[in-house]
Amino acid sequence: MTDNVLTYMTFFPLAGMIVVLMLPSDRHNLIRWVSALFTVPPLALGVWLYGHFNTAIPGLQFVEKIPWIPAYNINYFVGIDGISISMVLLTALLSFLCIFASWGIDKGVKGYFALFLLLDTGMMGVFVALDFFLFYVFWELMLLPMYFLIGVWGGPRREYAAIKFFLYTLFGSVLMLLAILALYFTSEPHTFDMTVLIAQSGKYGTEPLAIWPFNQWGWGFQHVVWMALFIGFAIKIPAFPFHTWLPDAHVEAPTAISVILAGVLLKMGTYGILRVNFPMLPQATADLAYYFLGVLGTWNIIYGALCAMAQKDLKKLVAYSSVSHMGYVMLGMATFTPQGISGAVLQMFNHGTITAMLFLLVGVIYDRAHHRDIEGFGGLAAVMPVYTGVTALAFFASMGLPGLSGFISEVLVLLGAWQKYPILSILGASGVVLTAGYFLWTIQRVYLGPTNEKYKTLPEINGRELFTLIPLGIIVIALGVYPNAMLDLLRASLDQLNQIVIPHLP
Amino acid sequence: MELATVIFYLIAAVTVGSAAMVAFSRNIIHSAFSLLGTFAGVAAIYVFLGADFVAAVQVLIYVGGILVLILFAVMLTHRITDVRITNRAVGRIPALAVIGVFLFLLVQTIRETPWQKAKEILYSPTTAKIGDLFLGNYLLPFELASLVLLAALIGAVVISRKELKE
Amino acid sequence: MDLRNFESLKFFYPEAILTGTILLLVLLDLVLRRKEILGYIAGAGCLLSLYAAVELFGARGGWLFQHMIILDNFSLFFKVLFLLAALLVICMSLDCHELRRVHKGEYYTVLLTSTLGMFFMASSSNLLMAYLSLELVSLTSYILTGSLPHNRRSTEAALKYLIYGGVSSGTMIYGMSWVFGMTGSLDYARIGAALLQGEVNHLSLFMAFVFILAGFGYKIVFAPFHMWSPDVYQGAPTPITAFLSVASNAAGLAIMIRFFFPALSRLGENGSWLFLQGVEWPHFLLFLSMVTMTVGNLCALNQQNVKRMLAYSGIAHAGYLLMGLVVLNNDGLRAVLFYVVVYLIMNLGAFLVVMIVANATGREDLDGYHGLAWRGAAIPAVCMAIFLFSLTGLPPFAGFVGKFFLFAAVIRQGGMFVLLAVVAILNSVISLYYYARVVKTMFFDFPQPGAQEVEMTPSHAALLGFLSCLTIFLGVYWGPLAFYAEWSLRFFVR
Amino acid sequence: MDHPIQTDYLRWIVLLPLVGAAVNGLLGAVLQKRIGKWIISLFACAPVLISFLLSLQAFLDLLALKPDERFLIDRLYPWLSVGSLRVDMAFWVDPLSAVMILVVTGVGGLIHIYSTGYMREDKSYWRYFAFLNLFTCAMLLLVTADNLLLMFVGWEGVGLCSYALIGFWYHDHVNARAGNKAFIVNRVGDFGFVLGVFLVFWSLDRSGHGTLVFREIEKFSALLQGQEIWGVGVVTLVTLFLFVGATGKSAQIPLHVWLPDAMQGPTPVSALIHAATMVTAGVYMVCRLHFLFSAAPATLAVIAAIGVATALFSATIALTQTDIKRVLAYSTVSQLGYMFLAAGVAAYGAAVFHLMTHAFFKACLFLGSGSVIHAMGGEQDMRKMGGLRRSLPYTFWTFAVAVLAIAGTPLTAGFFSKDEILWQAFSSPHGSPLLWVLGVAGAGLTAFYMFRQFFLVFFGECRADHHVKAHLHESPKAMTLPLVLLAIGSIAAGWIGLPEIFGGSRFAEWLEPVFGAHHEVHASGSLEEILMALSVAVAAAGFYLAYLIYYRGRLAPERFSSLAGGLFYRLSYNKYYIDEIYQFFFVNGTLLLARIGAWIDQYIIDFIVDGSAKTTAFISWIHGLFDNHVVDWLVNKIADSTFDAGDKFRKVQTGNINSYLYVILGAVVLAIIVKLRYWS
Amino acid sequence: MAIGLTHYLVIGAILFSLGLYSVLTRRNAISILMGVELILNGANINYVAFSHYSSGNVEGQIYAIFVIMLAAAEAAIGLAIILAFFQIFHTIDVEAAETLKE
């Protein structure tokens, strides 16, 4: 069992999907409980992993490697290191919680949970895959259920949102496929094995390509491949200007799916950059990170915050806050300092938990009031005090209040950024002010002030909803007070990652 | 100028002229009958080229078969009494332009191409040779052709037969 | 191995069995009352032939019938493919409402004849055989297309197909006549040899190729010889559309590869093919490939008729397939072969769903698919989604692997081919849009009140299940198929 | 110094209030309903009082040590360790923070007790105390943190609690908005603070000593000398950044705008947070990092200038305010200005001394005003008060003491501390007579507006309506007791920091290990005496003017308010329109930017993306058009118009065989031509 | 000038072009078929001529015979389709075929 932990974590949900598909479709509760049951083992194994992960080793652990299609040197190759473990844990946790957040789905229940479990497998697979081909398969695998989950179970404009999400992501991923192939054919012997590709990173040349217009910019093979991969990942992050799918997808998706979308899917972009771009194309990373991660990340921070401020829809506001917060991740990655990059990875995890809370909370209010118009509420604090309390916790965590997890990662990112790019750090820090601005303004408009007569009788948040929120809340506080719990896992791997890139810095 | 040359040009003129009639005539009956001239002219050209058997086949099948079929079709689909049986053609000028360019290119290429030259130019009867080949080297195509004809037969039946009663 | 006529017969079992079945069908049609049995007989004939074809695996390749056709892995590969397509189409036809009024005897006879013609297309090694087999397939295709009696669409489609086919094959034989004139031979091997040593006029060779391409292109359905296909596909009975879109397309590819690759080029190092000097074959095909996929996808965008949309998507796929030919090496050909198989599975599947829906509702337009998943047809809807996403090229479906190989072949070549890859990518994204539109209509739109329930027969369900499972299976574990494709590239000639 | 004494009780000073907050916050609603408010009060007050006792213990422990070794530390666990950044969760107490924790827990404890009376009627009693305790915890964290980052946690924590308590009565949008304003303005300050933190860390890291621990920064601060960034000395920049943080938290110009609005919260909150403790955090921080500030004379000059400007500026606003708490709020801003003036002339001891005395008398004033408001049934407008000295005797007397103290009446705490500041402003190497003059002017104004308030509230005729009059009553014991204690403090606290001429300051001596030897310019004692007398005289003049106008009614206020056409009066009354200006430039500006951003997002970016999709669709449409119209059009139009004129122009359509064939032939011809042209 | 290969090829080319011209301009299905026949004849002349001048064997003639045979088959099917078309549409003008369009 312990040898194949990652395989079990990845494919348990898939087994669950098959079981769910075989259940009679009118036994809704049975389907729900079975689905929940199949997300427990990954979570339990995740906890086990957390306990048994050796923090001193920078390399891969829990590796499994089985030949898949030997003729093309494709392996089933999974493993985790400090870069991925936090994401694996996050995925396991959020998948489990989101099953409960999906309890209220009562249309096409069987399909919903089956797709959800498939999505779970896809997400987990992306974070554990170490073979590029496998990685790509999982990457795309997750698209399909997402498309359906948004498109069938989403809001009024779900079709538009679903197809927009699908098209954007597909565009990015096909571009990524080209890059993967380019790397495959450059390696010798041809391989999709990421570890080998990383080891061969020196082979990928940087002499200017003969292709117009790249030769004008003096771009080499590395740079072009880097860019192709980056666009693929940037769409997922989502980095400006590829971000416009996100508000639509978030607004239309059902609550649990928004949670997954923001909590896990966005991380795949940044994870991909760390996993692929950094070690495999260190020279290009060193050359381009400032522009495409640093500057763009900072722009994301400010732009996302400004957009969030102007939103009237609560969910859209949260969605834009994701754009803003993922900017910190990008900025952090661009620094190549231990602080910045640890902050970035930590921010990935923290944003996952915090934004999950935010979306769950928006879902709670939407279930009750059936709208999300910020101006349409008012004084909810009096009606739903517990709900308001939890919301405040999430909001404050999101705006980076010290003592909560968001602060740690943001401060690490900005601290790291200062060393390399003080101006970006200053601009990024100003995003903190904006974030406070829109969250506080939202609190004021939704929760404070005189109670809206229409909502005098809204029921307080219920036990199931609290059950999904409290673990996240605890994590948010715990990581704020004791961030080393997560930082220890990352340290060794990220230091090694930095060491790969730093020699190439100008 | 030799007689053969004169006759060749005459035949060529007939062939091309009647083909032009087929292409340009406004009356479909005229077109169909001009086709006869073309087929006959082509047959004559085959004779010139020493292909006696092909010429015979050309006359038998084209003139005896295809042309009759076409005429039947014309009759069946038009009222003969109609003085001016329409044979509508549209867009002649652009078509002429394109075809003109095309023909020019073809002829230029034909003239410039160094075609394979045969060691000897034969003027012997070909029927026996062809018969041998049909049962020798070209047995498979020959058999296949029978299948094609069978398929054509069935096809013609399928398409023109009335539908099944439910 | 260069066999004379009678010696060749023992390597001729697949064709012979098929021919026998055809004749049997003609006879039985006169005798039998229950015409449904004919379908099973045709199927049995195909199975037998398939068995015979598989038996031939591993046989030493060679020329049969005095250099008329070639027996090699490549032709066996396509024979198996055509038989599979025919089998599946026969299965589809058994329960097709559209074909109720069609004379079954003739229908199956012609269908098998067409399959036989494709056999020869894939294995011909002589210009005459190529022409004959192509015509055989064309003629039978016209018949099949027009087989719906007193049906406006079917007859109109047949007429268009006929005129197109006539012009294309006329153009092709004109081109072939030039090749004959330049080389003095009809045999591929000797043509190749003559072209390689002889003084060749580049322009006339090029023109001859362009003319010949008109004939092949019309079968493969690439631009600009594609324009008949939407009309014909829309008008033909659905099983026939499926057959044409898959088998006829593949046969065209086979004959093209057969003609251009071993005959007109020679093997260079590392499995790449060196083409004759002076013919800008890659550039030309590169351009055609781009145009084809773009035109196909753009036209498919706004189609309201699913069959017509699939026809346009077929054009786009022809463009993708050309990508494999463009690079002129074994990589590319392997990708093409692989993709053809995958395309067969997913496209037939998609047409099967179209047929199931048409059986139940009589509709082929997109509006007929409103909320299909919620109208008792969850399985066809899900399968359709699988096929369509596979056509898009998403993992874990087989279509992805196919595209992956194509991209791989192109990327590996580098240089200007990368441009082709980029165009192909953009096209994939475009294609997603219209495929997803169907999926959207099936899943995201809820049925209007009073919409018919869609039911299907168990045989269709089984077939669908088989095809969709195969689509997924080949997407996850495709090693054997890839190996088979690789193996099939061992041409006998050269 | 390098090996401070490890203790294990300091953590409880900080954590006990947190426990109280947690109990009240999580279970408060239930406890209050099931058991009663007393249990809430218990959980609220007991931790703070125990913390006070522990603080005393710490103080005594320190006292027992040699002056140079007066450090206690309590290290919990490594909090953040990434790369060269190592930050512990550690609390320390040195003489400076000892003063602070005593003030925080002492004054805080009193205010807790006071609150049990003041808030008795409130429904959300538990919530109030949860936040109050949380605040106490955060404030203690701020002052005991052994590093900058941990300090920042407390720094933000107090901001959060301030936000929550200002908007405590959230049903009114005004309160909520005031809370927001406070938080956001503070955030602007924090922005500077974190940048300062980053800069100091990396500047030290450059020489391999990256640290955020105060002691170590002090140890290595010399390394910062000579480093430059953007052409500015690092030390100057660090201190400027940090000072931005301080202006936010301590409501200095230009970030002073939030504090007056913060008066929307319950009055004890104003007393605790917005007078005694939180707002002084900036001063504390500057003093804590005095070694950096001292090394940056330019910053010091800025601080002094801003301090004195704030002192004077807000004093002028306080002159005309009519809200009882607003006057006090501006007075607080003004007094904070004095503290910064002290810090700005490197007289950190004086700053801390004033901080402490101010905590007493300002808390007393606020609580007194709270008592008045309580008695008046929530009325805060001084114009509706008057003559309250009879009905509220305790309040009156304690208020009087505090007013005397703040006005700088000799022998009160305020006198000593303010005088110390003024003397330092004059005599310190960083000081100047100008600062002194301005400071004294401010002191005069202070005396004037405080006595104005005093007279308006407690003397004359009661201007309230009869309902209110009927209900006038002295506050309960829980409220008056803290008042009395604070009043005593307002006098006595000053005695530990006597000026040189009265025997020297025990207080300065206590802080000496922190701030270093008292490098006081020993000018002739007589100069100090003269200056002291002058300042007293100015204060007395202020008092006399107020006395004339508001007590005796000899002078009509209008004589002043109508000066220059009322310009000055209106400026002062409307707070120089700063709020409006900020609203216009910053708030509206940001919102405008936000709307522009959202607009760009919705229209431009999506337009580009959709646009490319549309272009694709357009191309496909064009293609269809080409198919449907162009080819056929060419064919039909030309043909029909020339040859077949009689034939009707048929509706064009696809499915036209001829046009298809055209395409083929055209393509073939084109291919050949291209071949001829380019590759022959 | 002696009659040579080129002359025949040119005649073939002219027939081919005229056939294409018919196909392009005609609206009548039968006329289009006639055009196709012209194309085939053009090609056939080529084959026979090449057979005579280039290869010196009868392969080209055999090809021509097959072409003629297939032309017959195609004409049979073609005319059957045209008649079926006529029965439904009551015209053989291909423009009448407008059922199939996007």
Side-chain angles (χ1 to χ4, degrees), chain B residues 5 8 12 15-16 19-20 22-23 28 31-32 35 38 42 45-46 49-51 53-54 57-58 61-62 65-66 69-70 73-74 76-77 87-92 95 99 102-103 106-107 110-111 115-122 126 129-130 133 138 141 145 148-149 152 155-156 159-160, chain E residues 2-3 5-11 13-22 24-28 30-31 33-35 37-38 41 44-45 48-56 58-59 61-62 64-66 68-77 79-84 86 91-93:
Chain B
T5 316
F8 171 79
T15 313
V16 173
V22 173
I28 194 162
S31 279
L35 202 55
T38 313
V42 171
I45 288 174
Y46 291 159
L49 286 167
F53 185 71
V54 183
V57 170
Q58 168 86 2
I61 296 184
Y62 260 125
I66 298 176
L69 262 178
I70 287 176
V74 173
L76 284 173
T77 53
N87 187 19
R88 220 157 59 79
V90 288
R92 297 185 196 209
I99 293 294
F102 183 67
L103 184 60
L106 276 185
V107 172
I110 286 169
R111 290 175 55 180
W115 303 104
Q116 187 97 4
K117 288 284 185 291
K119 286 167 224 95
E120 45 168 351
I121 293 177
L122 298 170
T126 54
K129 218 184 267 177
I130 289 173
L133 282 175
Y138 287 88
V148 174
L149 292 177
I159 287 168
S160 43
Chain E
I3 304 300
L5 178 60
T6 313
H7 290 81
Y8 294 101
L9 294 185
V10 169
I11 294 176
I14 293 172
L15 287 191
F16 184 56
S17 305
L18 286 172
L20 282 177
Y21 175 81
S22 296
L24 285 189
T25 55
R26 294 300 191 196
R27 287 288 183 269
N28 186 315
I30 296 177
S31 294
L33 266 191
M34 289 195 260
E37 301 301 342
L38 286 186
N41 271 287
N44 261 359
I45 291 178
V48 178
F50 284 135
S51 180
H52 189 68
Y53 288 100
S54 293
S55 68
V58 292
E59 276 185 343
Q61 296 189 18
I62 286 178
I65 290 167
F66 277 103
I68 294 171
M69 200 154 61
L70 288 180
E74 196 174 300
I77 293 176
L79 294 172
I81 291 173
I82 288 172
L83 287 179
F86 182 73
T91 174
I92 49 170
D93 196 325

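Computed over heavy atoms, backbone and side chain alike; hydrogens, waters and symmetry mates excluded. Per chain, numbering begins at 1; letters A, B, ... match sequence-line order.
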By a 4.5 Å heavy-atom criterion (distance strictly below it), what part of [X] contacts chain B: side chain, backbone, both, or neither?
X	value
Ala84(E)	side chain
Leu83(E)	side chain
Leu79(E)	side chain
Leu5(E)	side chain
Leu33(E)	neither
Leu15(E)	side chain
Glu74(E)	neither

List the steps and the verdict of side chain to side chain contact (heavy atoms under 4.5 Å, CB included) for Trp115(B) and Thr6(E).
CA-CA 9 Å; Trp115(B) 303 104; Thr6(E) 313; 5.6 Å; no
Got a second to check how far [X]'s [atom1] is from [Y]'s [atom2], nearest 0.5 Å?
X	Y	atom1	atom2	result
Phe8(B)	His7(E)	CZ	NE2	6.0 Å
Thr77(B)	Phe86(E)	OG1	CZ	5.5 Å
Thr15(B)	Leu18(E)	OG1	CG	11.5 Å

Go through Val42(B) and Asn44(E) one step at a time and tell me if the side chain to side chain contact (heavy atoms under 4.5 Å, CB included) criterion holds.
CA-CA 9 Å; Val42(B) 171; Asn44(E) 261 359; 5.6 Å; no
Only pairs of heavy atoms separated by less than 4.5 Å count here; which of Val16(B), Thr38(B), Leu103(B) has the most with chain E?
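Highest number of heavy-atom pairs under 4.5 Å: Leu103(B).
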Heavy-atom pairs under 4.5 Å with chain E - which of Leu69(B), Ile61(B), Val57(B) has more of them than the others?
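With the most close heavy-atom pairs to chain E, the winner is Leu69(B).
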Mind checking whether Phe102(B) and Phe16(E) have parallel, tilted or perpendicular rings, split at 30° and 60°?
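Tilted, since the angle between the ring planes falls between 30° and 60°.
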Of all the heavy-atom pairs spanning [X] and [Y], show the shortest one and how long it is.
X	Y	value
Ala145(B)	Phe66(E)	CB-CE2, 3.6 Å
Ala13(E)	Ile110(B)	CB-CD1, 3.8 Å
Ala64(E)	Val54(B)	CB-CG1, 4.1 Å
Ala152(B)	Ala73(E)	CB-CB, 3.7 Å
Arg26(E)	Ser31(B)	NH2-OG, 3.7 Å

Does the side chain of Asn41(E) come within less than 4.5 Å of Tyr62(B)'s, by heavy atoms?
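Side-chain contact under 4.5 Å: yes.
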Are any of the side-chain heavy atoms of Leu35(B) and Leu38(E) separated by less than 4.5 Å?
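When only atoms from C-beta onward are counted, Leu38(E) and Leu35(B) do touch, with a gap below 4.5 Å.
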Please classify the contact between Leu49(B) and chain E as side chain, backbone, both or neither, with a heavy-atom cut-off of under 4.5 Å.
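Its backbone and side chain both get close to chain E.
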Side chain to side chain donor-acceptor pair (under 3.5 Å) partners for Tyr46(B), two or more places apart
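Checked Tyr46(B) against side chain to side chain donor-acceptor pair (under 3.5 Å); zero matches.
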Side chain to side chain contact (heavy atoms under 4.5 Å, CB included) between Val148(B) and Leu70(E), intermediate numbers included:
CA-CA 8 Å; Val148(B) 174; Leu70(E) 288 180; 3.2 Å; yes
Heavy atoms only, distances under 4.5 angstrom: which of Val10(E), Ile77(E), Ile82(E) has the most pairs with chain B? Name it, please.
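The candidate making the most pairs under 4.5 Å is Ile77(E).
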Take Phe50(E) and Gln116(B), measure what side chain to side chain contact (heavy atoms under 4.5 Å, CB included) needs, and give me the verdict at the end.
CA-CA 8 Å; Phe50(E) 284 135; Gln116(B) 187 97 4; over 6 Å; no
